[in-house]
Amino acid sequence: MANNYKLNILHIDMDAFYASCEELINPSLKNIPMAVGGISNKSIITTANYNARKFGVHSAMPVFIAKKKCPNITIVPIRRVYYKKKSNEVFNIVRKYAYRFEQVSIDEAYIDILDKNPIIIAKKIKDEIKEKTQLTCSIGISYNKFLAKLASDWNKPNGIKVIRREDVPDILRDLNISKIHGIGNRTQNKLNSIGIYKVDDLLRLNLDFLIENFGKQGKYIYEVIRGKDDRQINPKRSRKSIGEETTFEKNTNNKNELHSYLENLCEDLSNNLKRHNVKGKTINLKIKTESFVTHTKSITLQEPIYEKKDLVVLQNRIIYSATSFFY
């Protein structure tokens, strides 16, 4: 944990990043509900602008649901190369202010500023990003990574929020547990089933109970909602996974068609692994049903692989070991 709880950790989070990038290309999109995603109705929304969010549209939502919530929404196709270019522009600026820098995704990063004034630094970062890229960001300031990330979401868009040691845990009590980084849908549902909906409810659970029911994650949850997070900023953070996926225009249960798509995905994945000069030992196969229920299976090998032919063989092993599961 940061010494003496000094406010040296900043979390920089770009505001509706993909959507904001699209608004730079086409300023008329700023005044209407708009989202970035696939063209087909069964594709997924990656980012929605704030006009669309007012209607309940959010990332990971299927396009057809977004259109039901907001019939006038404009869907813009993804331009990954352009977003990567803008991301590099943004975080080259951020790096200049950091003693340690850790980028965790295309649109967010942590920095350690040591003993510098965090408010002044945050304002300088925001001003320079706005001046040089025409994009806005929100910045959370605290004494550890968990609270800094939580703070960056507090006053979005284009905000700054500070969480001090004396603010915890009271400032968290009224938050929905879904706001706690590390609590996914499965954990949230399990907690909801026992009447835990807000952090105030979560604070009443003792450490032994959380460890018994959630293992290491339970210990993590117990500590972070009480303001403890010992994770350090890691400048050498590396990508932990690489994946490929596709969404069909129409639902299908045709095995030959599915195997054909799978082979193409294996080829794309192999090329991606080679571009990054990495190999993988654990391979996951994910399938989403027509009712949007996701199932996954995985196999871990003793030796890493990256060739298409090896990926195809391994994927087939997963399928044949769980045929009833996938079909």
Notebook entry, point to check: Considering all heavy atoms of both residues, which atom of Gly140 and which atom of Ala151 are nearest to each other, and what is their separation?
Noted result: CA-CB, 3.6 Å
Next item on the list: Kindly indicate, with the supporting measurements, whether the criterion side chain to side chain contact (heavy atoms under 4.5 Å, CB included) is fulfilled by Arg231 and Tyr220.
Entry: CA-CA 11 Å; Arg231 292 175 301 153; Tyr220 167 80; 4.0 Å; yes
Item checked: Check: Ser270 side chain, Tyr306 main-chain N or O, donor-acceptor pair, under 3.5 Å -> yes
Notebook entry, point to check: Once you round to the nearest 0.5 Å, how far does OG1 of Thr136 lie from NZ of Lys126?
Noted result: 6.5 Å
Notebook entry, point to check: Quick one: do Ile111 and Tyr99 end up in the same hydrophobic cluster if we chain Ile, Leu, Val, Met, Phe, Trp and Tyr together by side-chain heavy atoms under 4.5 Å apart?
Noted result: no
Next item on the list: Mind listing the closest non-hydrogen atom pair of Ala16 and Ala48 along with its distance?
Entry: CB-O, 3.7 Å
Checklist line | Backbone N/O of Tyr110 and side chain of Glu102: donor-acceptor pair under 3.5 Å | finding: no
Note to self: Counting C-beta onward and ignoring hydrogens, is there a side-chain heavy-atom pair between Lys86 and Phe17 closer than 4.5 Å?
What the structure shows: yes
Item checked: Within residues 148-157 or reaching into it, pairs that qualify as side-chain hydrogen bond (donor to acceptor under 3.5 Å, both in side chains) - sequence neighbours excluded -> His11-Ser152, Asp15-Lys156, Glu108-Lys149, Asp153-Lys179
Next item on the list: Tell me whether Ile45 is reachable from Ile106 by hopping between hydrophobic residues (I, L, V, M, F, W, Y) whose side-chain heavy atoms are closer than 4.5 Å.
Entry: no
Margin query: Tell me whether Asp174 at atom CG has more than 12 heavy atoms from other residues, nucleotides or ligands lying less than 6.0 Å away.
Written below: no
Check: When you measure from the centre of the six-membered ring of Tyr83, is the NZ or CZ of Arg80 under 6.0 Å away and within 45° of the axis?
Finding: no
Notebook entry, point to check: Atom CD1 in Ile221, atom CD1 in Ile177: separation rounded to 0.5 Å?
Noted result: 8.0 Å
Note to self: What verdict does the side chain to side chain contact (heavy atoms under 4.5 Å, CB included) test give for Val168 and Tyr5, after you've listed the backbone C-alpha separation in whole Å, the side-chain angles of each residue and the deciding distance to 0.1 Å?
What the structure shows: CA-CA 12 Å; Val168 182; Tyr5 304 110; over 6 Å; no
Check: SG/Cys21 to CD1/Ile78 distance, rounded to the nearest 0.5 angstrom?
Finding: 12.5 Å
Considering only distance and modelled atom types, tabulate donor-acceptor pairs under 3.5 Å from the side chains of residues 59-74, sequence neighbours left out.
from  : atom 1 : to    : atom 2 : distance (Å)
Lys67 : NZ     : Asn41 : OD1    : 3.0

Item checked: Audit row: Lys96, Glu128, side chain to side chain contact (heavy atoms under 4.5 Å, CB included) steps and yes/no -> CA-CA 11 Å; Lys96 298 188 303 182; Glu128 189 170 350; 2.5 Å; yes
Checklist line | Electrostatic pair Lys198:Asp200 at N-O distance under 4.0 angstrom | finding: no
Next item on the list: Evaluate the side-chain proximity of Ile25 to Arg79: yes if any heavy-atom separation is below 4.5 Å, no if none is.
Entry: yes
Checklist line | Sidechain-backbone polar pair: Thr187 side chain, Ile183 backbone, donor-acceptor under 3.5 Å | finding: no
Notebook entry, point to check: Quick one: are Tyr197 and Asn192 in side-chain contact, heavy atoms under 4.5 Å?
Noted result: yes
Note to self: Is there a path of hydrophobic side-chain contacts, each under 4.5 Å between heavy atoms of I/L/V/M/F/W/Y residues, joining Val162 to Tyr143?
What the structure shows: no
Notebook entry, point to check: Is a side-chain donor-acceptor pair under 3.5 Å present for Asn49 with Lys30?
Noted result: no
Notebook entry, point to check: In Å and rounded to the nearest 0.5 Å, what is the CG to CD1 distance from Leu147 to Ile163?
Noted result: 5.0 Å
Notebook entry, point to check: Is there a side-chain contact between Leu191 and Phe214, using heavy atoms and a 4.5 Å cut-off?
Noted result: yes
Item checked: Closest contact, heavy atoms only, Cys266 versus Leu311 -> O-CD1, 3.6 Å
Item checked: Passing candidate, side-chain contact (heavy atoms from CB on, under 4.5 Å) with Ile113, options Ile9, Leu7, Ile120, Leu10 -> Leu10
Note to self: Checking the side chain of Ser138 only, and the main-chain atoms of Asp13 only, is there a donor and an acceptor separated by less than 3.5 Å?
What the structure shows: no
Check: Are the charged groups of Asp170 and Arg173 less than 4.0 angstrom apart, N to O?
Finding: yes
Note to self: Let me check something: do Leu29 and Tyr50 share a hydrophobic cluster, defined by ILVMFWY side-chain heavy atoms less than 4.5 Å apart, either directly or through other members?
What the structure shows: no
Next item on the list: State, with a plain yes or no, whether a side-chain heavy atom of Val104 is found less than 4.5 Å away from one of Lys145.
Entry: no
Check: Within 45° of the six-membered ring axis of Tyr97 and under 6.0 Å from that ring's centre, is NZ or CZ of Lys124 located there?
Finding: no
Check: Would Leu202 and Leu172 satisfy side chain to side chain contact (heavy atoms under 4.5 Å, CB included), going step by step from the backbone distance to the final call?
Finding: CA-CA 10 Å; Leu202 201 52; Leu172 310 180; over 6 Å; no
Margin query: For a quick test of reading the model, state the closest non-hydrogen atom pair linking Leu203 to Arg226 and the distance between them.
Written below: O-NH2, 3.0 Å
Check: Quick one: does Met14's side chain get under 4.5 Å of Cys137's, heavy atoms only?
Finding: yes
Margin query: Quick check for you: to the nearest 0.5 Å, what is the distance between Asp230 atom CG and Phe146 atom CZ?
Written below: 13.5 Å
Notebook entry, point to check: Which atoms form the tightest heavy-atom contact between Lys190 and Asn213, and what is the distance?
Noted result: NZ-O, 3.0 Å
Next item on the list: Compare every heavy atom of Ile75 with every heavy atom of Gly38, then report the nearest pair and how far apart it is.
Entry: O-CG2, 3.6 Å
Next item on the list: Any chance you could measure Ile139, atom CD1, to Lys123, atom NZ, to the nearest 0.5 Å?
Entry: 11.0 Å
Note to self: In the structure I gave you, are the side-chain heavy atoms of Val36 and Met34 within less than 4.5 Å of one another anywhere?
What the structure shows: yes
Check: Is Ile233 linked to Val94 within one hydrophobic cluster, defined over Ile, Leu, Val, Met, Phe, Trp and Tyr using a side-chain heavy-atom separation of less than 4.5 Å?
Finding: no
Notebook entry, point to check: Is the closest side-chain heavy-atom distance between Val76 and Tyr18 below 4.5 Å?
Noted result: no
